[in-house]
Amino acid sequence: MLSGNMPIFVLKEGTQREQGKNAQKNNIEAAKAIADAIRTTLGPKGMDKMLVDSIGDIIISNDGATILKEMDVDHPTAKMIVEVAKSQDTAVGDGTTSAVILAGELLKQAEALLEQGVHSTVITNGYRLAVNEAKKQLENSSVKATDDATLRKISMTALSGKNSSLSSDFLSSLVVKAVNAVAEERNGKTIVDTANIKVDKKNGGGVSDTQFINGLVIDKEKVHAKMPSTVKDPKIALIDSALEIKKTEIEAKVQITDPSKIQGFLTQESDTFKTMVEKIKKSGANVVLCQKGIDDIAQHYLAKEGIYAVRRVKKSDMEKLAKATGAKIVTNLDDLTADSLGKAEKVEEKKISDDRMTFITGCANPKAVSILIRGGTEHVVSEIERSLNDAIRVVAITKEDGRLLPGGGAIEAELAMKIRAFANTVGGREQLAIEAFARALEIIPRTLAENAGMDPINTLIQLKAEHEKGHSSYGIDFEQNKVGDMNKVGVVDPLQVKKHALESAVEVSTMILRIDDVIASRKSSGGESPGGMPGGMGGMGGMPY
Ligand code: ADP
Ligand code: MG
């Protein structure tokens, strides 16, 4: 019944599809476009991007992960590149721009090979061989150091990569102080849980007003003026239910016919709050941090008892407070006992700008510390917050791992040289791919030079010459705008950041290279049931069974 020439429709008519070379080319173009978009932000002389959303809110940033996260990216492959930045950010906190630029360059180099007729499988194999060799070389080139001066350098490099106008020196000393404060020795290993460092911001003042606090800061004031402003040796109660009388779902009307009963009604309400406060007092608490509201009358009784109280504390802060002070978060006041209370050295209200904030200092176990960022405007403090978070992560990683590499494009130039030598030992077509990998690595020093306004070609030639002479730590010296020794200038990056950037760039570029078909798929969130294909079968009418 079926003629042999009848076409077989597997895909629904009109399905969008790109195949073979075309698909590969488009994917590479999309990835390159993303990498190109953020290239100018790399390094201390990099430019910033201003992101404007549909309602006109703006973000000004130099952070690769932030820019890509905020960009309205549509192309599926471009989205994969954005994922690289995210994964780099979650894993190590820095090196996001580098990872994306590398991925873009690996694809650009691959494109040239594809045009010469080298198959994508050969390219991906070559890239894999190269990245394994590169990781080995990175480890061999790394040096160990965890002293404070080195940690400060690591922080400076992470911060100056973002914004050279920041007071990086001062901020770096705060970062190192914070990381040292929360570092712990466990089974002979140094562990830094960066979750114990809380970064807060308050605009107003200058960057130099940024402060390190040996404890936690909550952006809330005490609820009643008559409460004490300072409580020494506080016994802290964390309550996550409201100190209010529950409003009924249904609107209720109370009719009081006898004027003498009004007082009785009010007294009854007031008694409820009195009992609440008595329960708190009985537990021994003299500080109450409440996640919900506190009624005016309850505030009055708390003040009368000399208890310091704060309302509407953020849930995330409550959790940090519980961890830092050892308090248990209590919902029912009947469960509030002496051993559910937390301890610290001091709870204090302080005025910052025009706002009052609550400082909980001297928390013992685990140590919790904060950095309160100050700066002229919202945009400034937000960008500092992002930079500080990166710096905290890299300093923490270095404190734990201790292995460092020279920055400023030095390690990439060194790797490129070593990978070229390695390519010769491999031979065959893979050799071409490994050489392409080495060329791709040079995008980092080249872009750094470009962004500093230096001649990229001459700089790269000089850089290569130095590395061939055995000057393995030579990179781009931004202060003098020349090729120089990064160990002397003090520009160092953690091994883990470089290693992860390489790995993720290779992972995504090889993944993109292996795709030879892009087919529009059914919406996963659509109404169609996963099993049945109500509309989908239509095009398969000619299927012979
Ligand atoms: P990423 O998101 O990849 O961290 P950055 O914009 O932070 O991007 O730039 C990081 C690069 O800039 C790294 O290669 C780092 O070594 C280099 N870099 C940072 N500060 C300096 C400096 N003062 N001199 C030379 N290179 C620097
Ligand atoms: Mg950086």
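In what follows, every heavy atom counts, from backbone to side chain, and hydrogens, waters and symmetry copies are set aside. Start at 1 and go down the list; that is how both ligands and their atoms are numbered.
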The Mg ion (ligand 2) - closest N/O/S atom in Asp94: OD1
I'd like to check the side-chain hydrogen bond (donor to acceptor under 3.5 Å, both in side chains) partners of Asp317; sequence neighbours left out, ordered by chain and number. Lys198
Which of the numbered atoms in ligand 1 are below 4.0 angstrom from a heavy atom of [X]?
X      : value
Gly407 : 16 (O)
Asp493 : 13 (C), 14 (O), 15 (C), 16 (O)
Leu448 : 12 (O)
Thr96  : 1 (P), 2 (O), 3 (O)
Thr41  : 6 (O)

Short N or O distance, Glu412 and ligand 1, threshold 3.5 Å exclusive: no
Any N or O on Gly95 sitting closer than 3.5 Å to an N or O of ligand 1?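 The answer is yes, given that Gly95 and ligand 1 share an N or O pair closer than 3.5 Å.
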So do the side chains of Leu495 and Glu139 get within less than 4.5 Å of each other, counting heavy atoms only? yes
Under 4.0 Å between a Lys/Arg side-chain N and an Asp/Glu carboxylate O for Lys469 and Glu466?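 Glu466 and Lys469: salt-bridged.
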Indicate yes or no: does Asp193 engage Arg186 in a salt bridge with an N to O separation below 4.0 Å.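 The answer is no: the pair does not qualify as a salt bridge.
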Have a look at Pro44, Gly43, Gly409 and point out the one with the heavy atom closest to atom 27 (C) of ligand 1.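 Nearest option to atom 27 (C) of ligand 1, by heavy atoms: Pro44.
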Quick one: which of Gly408, Ala99, Ser98 has a heavy atom closest to atom 3 (O) of ligand 1?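 Residue with the shortest heavy-atom distance to the ligand atom: Ser98.
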Counting only heavy atoms from other residues, nucleotides and ligands, does the tally under 6.0 Å from CD of Glu185 exceed 12? yes
Mind running salt bridge (Lys or Arg N to Asp or Glu O under 4.0 Å) on Glu111 and Lys108 for me, showing each step along the way? CA-CA 5 Å; Glu111 197 178 24; Lys108 191 172 155 197; over 6 Å; no
Say whether Lys498 and ligand 1 are in contact under the criterion: heavy-atom distance to a ligand atom below 4.0 Å. yes
Does ligand 1 have a heavy atom under 4.0 Å from the side chain of [X], from its backbone, from both, or from neither?
X      : value
Leu42  : both
Asp390 : neither
Val489 : neither
Thr97  : both

Check: Thr510/Thr124 side-chain N/O donor and acceptor closer than 3.5 Å: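 Thr124 and Thr510 do not have a side-chain donor-acceptor pair below 3.5 Å.
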Do Asp485 and Ser473 have a side chain donor and acceptor closer than 3.5 Å?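 Yes, because at least one side-chain N or O of Asp485 sits under 3.5 Å from a partner of the opposite role on Ser473.
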When you look at Asn451 and Phe478, which way does the side-chain contact (heavy atoms from CB on, under 4.5 Å) test go after all the steps? CA-CA 10 Å; Asn451 290 349; Phe478 279 86; 5.6 Å; no
All N/O donor-acceptor pairs, side-chain side in residues 403-421, below 3.5 Å, sequence neighbours left out:
unit_1 : atom_1 : unit_2 : atom_2 : d
Arg403 : NE     : Asp401 : OD1    : 3.2
Arg403 : NE     : Asp401 : OD2    : 3.4
Arg403 : NH2    : Asp401 : OD1    : 3.0
Glu412 : OE2    : Lys498 : NZ     : 2.9
Glu414 : OE1    : His467 : ND1    : 2.6
Glu414 : OE2    : Lys418 : NZ     : 3.2
Arg420 : NH1    : Glu442 : OE2    : 3.2
Arg420 : NH2    : Glu442 : OE1    : 3.4
Arg420 : NH2    : Glu442 : OE2    : 3.2

Contact check: Asp390 to the Mg ion (ligand 2), N/O/S below 2.8 Å: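 No.
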